[in-house]
Amino acid sequence: MTPDVPAAANRSAALPEPSVEELAACPVDATLAVIGGRWKATILWRLSERPMRTSELRRSIPAITERMLIRHLQELVRDGIIDRHDHRTVPPHVTYSISDYGQTLAPVVGALCDWGREHRARTEQLPAPHDRH
């Protein structure tokens, strides 16, 4: 950055200039508050395929603990991102699906997946840290 070029001129053209109100309450922070848990985006990604029972979700995300899965599911239901369908049977049969409101996150999760794939491919091509001299 050159000293006579304002910092705003160096920003990506794709990002709109934030308003004073937005700087106080960043919209990125608002988004990450909803989907920013370690497994929330993965849960949404899995549910984008079809509605799933808790046990199916657990099997499809092997590294998640039962406790963390339930916690994230409860938070996503509370935020209106997914719907919990209790079929009122014995034994209990509960399924989760993405809500209509949660569908509005599809482009966001899709963009995160695309970026993640590109980033993973890029980092796989980089030399190991000890080889970068």
(request) Hey, could you give me the CG/CD1 distance between Leu47 and Ile98, rounded to the nearest 0.5 Å? (result) 5.5 Å
(request) Mind checking the OG1-CZ spacing from Thr65 to Arg71? Nearest 0.5 Å is all I need. (result) 9.5 Å
(message) Pairing donors with acceptors under 3.5 angstrom, does anything connect the side chains of Thr95 and Arg53?
(response) no
(request) Treat each ILVMFWY residue as a node, draw an edge where side-chain heavy atoms are under 4.5 Å apart, and state whether Trp45 and Ile64 are in one component. (result) no
(message) As an exercise, state the distance from CZ of Arg46 to CD of Glu56, rounded to the nearest 0.5 Å.
(response) 9.5 Å
(message) Can you list everything that forms a side chain to side chain donor-acceptor pair (under 3.5 Å) with Ser48? Sequence neighbours excluded, please.
(response) none
With a 3.5 Å cut-off and sequence neighbours excluded, list the donor-acceptor pairs that the side chains of residues 28-39 form with protein atoms.
| from | atom 1 | to | atom 2 | distance (Å) |
| --- | --- | --- | --- | --- |
| Thr31 | OG1 | Pro27 | O | 3.0 |

(message) Nearest 0.5 angstrom please: Glu118 CD to Cys113 SG, how far?
(response) 11.5 Å
(request) Under the side-chain contact (heavy atoms from CB on, under 4.5 Å) rule, collect the residues that match up with Gln74, sequence neighbours excluded. (result) Ile70
(request) Under the side chain to side chain donor-acceptor pair (under 3.5 Å) rule, collect the residues that match up with Ser99, sequence neighbours excluded. (result) none
(message) Other residues, nucleotides and ligands only: do more than 12 of their heavy atoms fall within 6.0 Å of CZ on Arg67?
(response) no
(message) Could you measure the distance from the CG atom of Leu76 to the CD1 atom of Ile81? Nearest 0.5 Å is fine.
(response) 7.0 Å
(request) Report yes if some heavy atom in the side chain of Leu73 is under 4.5 Å from a heavy atom in the side chain of Leu57; otherwise report no. (result) yes
(request) Answer whether the closest heavy-atom distance between the side chains of Asp100 and Asp83 falls below 4.5 Å. (result) no
(request) Please examine the side chains of Pro51 and Tyr96, heavy atoms only from C-beta on, and report whether any two atoms are closer than 4.5 Å. (result) no
(request) For the residue pair Glu66 and Thr54, establish whether any side-chain heavy-atom pair is separated by less than 4.5 Å. (result) yes
(message) Using side-chain heavy atoms (C-beta onward) and a distance below 4.5 Å, is Arg84 in contact with Asp86?
(response) yes
(request) Could you list the residues that satisfy ring pair (Phe, Tyr, Trp, His ring centres under 6.0 Å) with His85, not counting sequence neighbours? (result) none
(request) Sequence neighbours left out, what passes side chain to side chain donor-acceptor pair (under 3.5 Å) with His119? Give chain and number order. (result) none
(request) State, to 0.1 Å, how close Thr123 and Arg120 come at their nearest heavy-atom pair, and which atoms those are. (result) OG1-O, 3.1 Å
(request) To the nearest 0.5 Å, tell me how far Glu49 CD sits from Leu44 CG. (result) 12.0 Å
